[in-house]
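Below is one structure, written out as structure tokens; the observations come after it.
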Amino acid sequence: MSYPYQIKSLEQYREDWKESIENPEAFWGNIGQHFQWKKPWESVLEWNFKEPSVKWFNGAQLNITENCIDRHLKDKANQPAIIWEPNDPNDHHRMLTYAQLHLKVNQFAHVLKNNGVKKGDRVCLYMGMIPELAIAVLACARVGAIHSVIFGGFSAQSISDRLQDAKSEFIITCDGAFRGAKDIALKNVIDDALISCPFVKRVIVYTHTRSAVSMIKGRDVWWEDEVRKVETAGNPDFPAETMDAEDPLFILYTSGSTGKPKGVVHSCAGYMVYTNYTFLNVFQYQPQEVHFCTADIGWITGHSYIIYGPLSAGGTSLMFEGIPTFPDAGRFWDIIDKFKVNILYTAPTAIRSLMAFGLGPLQNKDLSSLRVLGTVGEPINEEAWHWYDEHIGKKKCPIVDTWWQTETGGVLISNLAGITPSKPSYATLPMPGVNPVLVDEKGNEILENNVTGNLCIKSPWPATIRTTYGDHERCRTNYFATYENLYFTGDGAYRDENGYYRITGRVDDVLNVSGHRIGTAEVENAINMHAGVVESAVVGYPHDVKGQGIYAYVIYNGTHGDEQMIRKDISATVSRIIGPIAKPDKIQLVSGLPKTRSGKIMRRILRKIAEGDIENLGDVSTLLDPTVVNEIKTGRI
Ligand code: WT7
């Protein structure tokens with residue numbers, strides 16, 4: 001069996017792209033035929049970017065889990081749906097066939113229902129990278145609950161903010177997670193988060209690390225006990241809830257330029273069709289292939305290309321619990337060798353960190369099963385691109401550089417593996433259905449090539465963000481109000497003479513640290529929580545491995561300890577408020593910040609100093625106190 005809607009040539013790509021833009025209804029209506037619906041749609045697309053209101057396959061009814069699991073049972077019951085490699089290579093890996101996945105998702109859907117979860121309820125998932133996380137995600141979708149996965153690196157405070165924003169009354173977690181040499185006590189973090197969330201009714205706890213947890217009577221239950229009850233009842237199938245095409249499927253929080261993360265909402269039908277279509281076309285996935293996406297399910301990449309894309313295509317998705325450097329820097333290569341991985345999809349930061357170990361860890365690793373390589377999350381520098389091409393792909397595997405965002409649900413700009421040309425550091429061409437434009441500061445469209453501009457999208461694709469949870473106006477102002485009738489990505493891009501796009505990075509106050517999106521305002525708020533901190537300003541600077549590092553300038557008037565200790569205290573505060581992923585790489589204590597007479601911090605200057613470009617600071621005469629610049633320059637870390 002092959003996939004009927006895979007693009008097979010550059011000419012076909014050009015034709016499909018043209019058709020998809022001229023007649024999106026016909027184009028996506030055709031793709032939509034390949035899914036299982038409970039009721040057909042009345043219209044393929046209705047939209048306006050003013051409100052915004054975007055509706056795909058409106059009137060249709062479906063359940064995404066029937067498309068990701070049930071419909072594959074006829075031919076693929078015994079094919080692995082999920083292969084799981086544990087953190088410790090000496091532990092056993094696990095394999096879940098489609099039949100086993102079906103059983104487990106149905107069981108856990110019953111567990112959710114037995115614990116009071118209903119259609120439309122928000123369920124928060126805070127787990128490590130274990131198959132039960134995928135099972136819980138799918139079980140939520142099966143009962144029609146809205147999942148909100150929170151990455152394991154977020155703090156109790158971040159969790160409690162998200163629980164309150166989504167009003168989640170249900171949590172699924174585990175005792176702990178393994179990450180490299182670390183054992184992270186997830187349930188303890190949940191317990192801390194719940195001190196300020198008394199509305200949470202139920203916490204379901206899966207045993208993974210078997211570390212001590214406190215189970216609170218009436219609130220906390222063990223996953224295993226709950227599943228046993230369903231087994232005793234004879235494991236009945238759980239009839240998949242009927243969902244409207246535009247019912248929300250999940251919320252995923254992401255950072256913007258304000259201090260508060262926003263809950264990006266995706267809906268059932270469009271997201272399903274788009275993740276499936278992009279999975280099959282970008283990677284050119286072939287039946288039976290093993291797809292290894294190294295992202296965490298706590299981010300959009302894991303949602304779309306570990307779970308929904310591969311499973312809706314009846315593929316085999318490899319999930320890895322650990323980190324690329326544990327027990328050594330050859331771990332990815334061992335996994336590829338062990339499971340004969342065909343597609344490796346990872347982040348430039350991982351490639352750069354592995355590059356630093358040289359070629360030793362690659363010795364005696366058989367990577368010949370690889371057919372396609374992919375990158376995502378941040379711009380890839382040419383050096384890393386060539387290393388990936390030469391040493392991992394052995395110059396035989398196309399590299400897809402996939403540009404997209406939490407808000408876009410799936411890949412928007414990328415070459416198609418082996419079908420459309422690649423160009424190092426370029427995401428290249430838009431997917432069918434995607435109409436990118438570059439605009440200048442005033443919002444005028446730039447029509448010529450060899451130009452840079454702000455990257456916008458002209459019309460909706462099926463996995464367009466629908467709203468920001470609980471605050472539609474925020475969705476409008478953030479994405480649809482900067483430029484009239486355009487979706488604004490927040491990224492800058494260059495377009496070359498062939499029309500290929502090269503993403504140059506964020507043009508707003510959002511940082512991309514190791515592929516993790518962090519708002520400068522968010523980090524500043526966290527630093528300012530520390531007693532003794534008067535004010536702070538956070539900027540990004542180029543970092544060899546992480547892509548961007550976090551540089552914090554802090555005015556401190558406390559008395560507690562020497563400078564080094566104060567820095568540690570500030571770091572600990574950020575870790576406590578946001579999570580370890582947001583800890584600044586550098587903290588410089590300063591007596592003042594460069595401000596204009598109207599009190600605005602001149603970040604341009606701080607950015608230049610952090611970058612080390614201290615000779616070209618430009619005009620500083622408009623500053624309230626220009627002398628502060630010299631002090632900051634001298635004290636640079
Ligand atoms: C931001 C979105 C999309 C999943 C992972 C990140 C940057 C993403 C690329 C790429 C250059 C990229 C952009 C974007 N980005 N992919 N291939 N080349 N930059 O999702 O956390 O929502 O972050 O990541 O700046 O806006 P996210």
Side-chain angles (χ1 to χ4, degrees), residues 149-151 153-154 251-257 261-266 271 274-275 278-279 282 293-309 345-352 373-382 384-385 388 399-415 422-431 434 436 452 454-457 461 463-465 468 478-479 482 487-494 500-520 522 540 546-548 581-582:
V149 183
I150 302 180
F151 175 64
F154 281 113
I251 305 173
L252 187 57
Y253 285 87
T254 191
S255 297
S257 34
K262 11 175 209 229
V264 172
V265 176
H266 283 288
Y271 177 81
Y274 196 70
T275 51
T278 49
F279 173 69
V282 169
C293 167
T294 71
D296 193 288
I297 290 177
W299 310 111
I300 192 70
T301 310
H303 282 59
S304 302
Y305 300 111
I306 295 179
I307 301 183
Y308 289 113
Y345 189 29
T346 194
T349 186
I351 299 168
R352 286 190 300 262
L373 303 176
T375 74
V376 60
E378 46 177 319
I380 182 162
N381 47 313
E382 292 204 28
W385 194 98
Y388 202 31
I399 298 178
V400 289
D401 179 348
T402 65
W403 172 83
W404 55 297
Q405 312 178 295
T406 304
E407 295 85 346
T408 71
V411 174
L412 291 199
I413 302 183
S414 173
N415 51 315
S422 64
K423 178 172 176 182
S425 83
Y426 280 72
T428 73
L429 296 169
M431 294 299 296
V434 177
T452 49
N454 289 345
L455 180 61
C456 296
I457 315 287
W461 58 100
T464 303
I465 178 177
T468 41
N478 253 291
Y479 306 106
T482 316
Y487 166 81
F488 177 41
T489 65
D491 280 319
Y494 174 77
Y500 292 2
Y501 288 89
R502 173 171 192 260
I503 310 303
T504 48
R506 303 288 306 195
V507 294
D508 53 11
D509 289 322
V510 172
L511 305 180
N512 192 328
V513 181
S514 301
H516 299 164
R517 200 162 136 183
I518 299 168
T520 51
E522 227 180 311
K546 299 179 178 187
Q548 266 189 315
I581 54 169

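Note that the coordinates shown come from a computational prediction; the quantities given were computed from them, not determined experimentally. As the structure lists them, so they are numbered: ligands from 1, and atoms in each ligand from 1.
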Next item on the list: Start with the C-alpha distance between T408 and I457, add both sets of side-chain angles, then the distance that settles side chain to side chain contact (heavy atoms under 4.5 Å, CB included), and finish with yes or no.
Entry: CA-CA 10 Å; T408 71; I457 315 287; over 6 Å; no
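With R517 as the fixed residue, the side chain to side chain contact (heavy atoms under 4.5 Å, CB included) test singles out one of T406, L511, I581: T406.
Between the side chain of H303 and the main chain of W299, a donor-acceptor pair closer than 3.5 Å is present. The closest donor-acceptor contact from the side chain of Y479 to the backbone of G490 lies at 3.5 Å or more, if one exists at all.
Residues of the protein with a heavy atom under 4.0 Å from ligand 1 are I300, T301, V376, G377, E378, P379, D401, T402, W403, W404, Q405, T406, D491, I503, R506, N512, R517, listed by chain and number.
Listed by chain and residue number, R352 satisfy the side chain to side chain donor-acceptor pair (under 3.5 Å) test with N381 (two or more places apart in sequence, or in another chain).
The six-membered or imidazole ring of Y274 lies away from that of W404, with a centre-to-centre distance of 6.0 Å or more.
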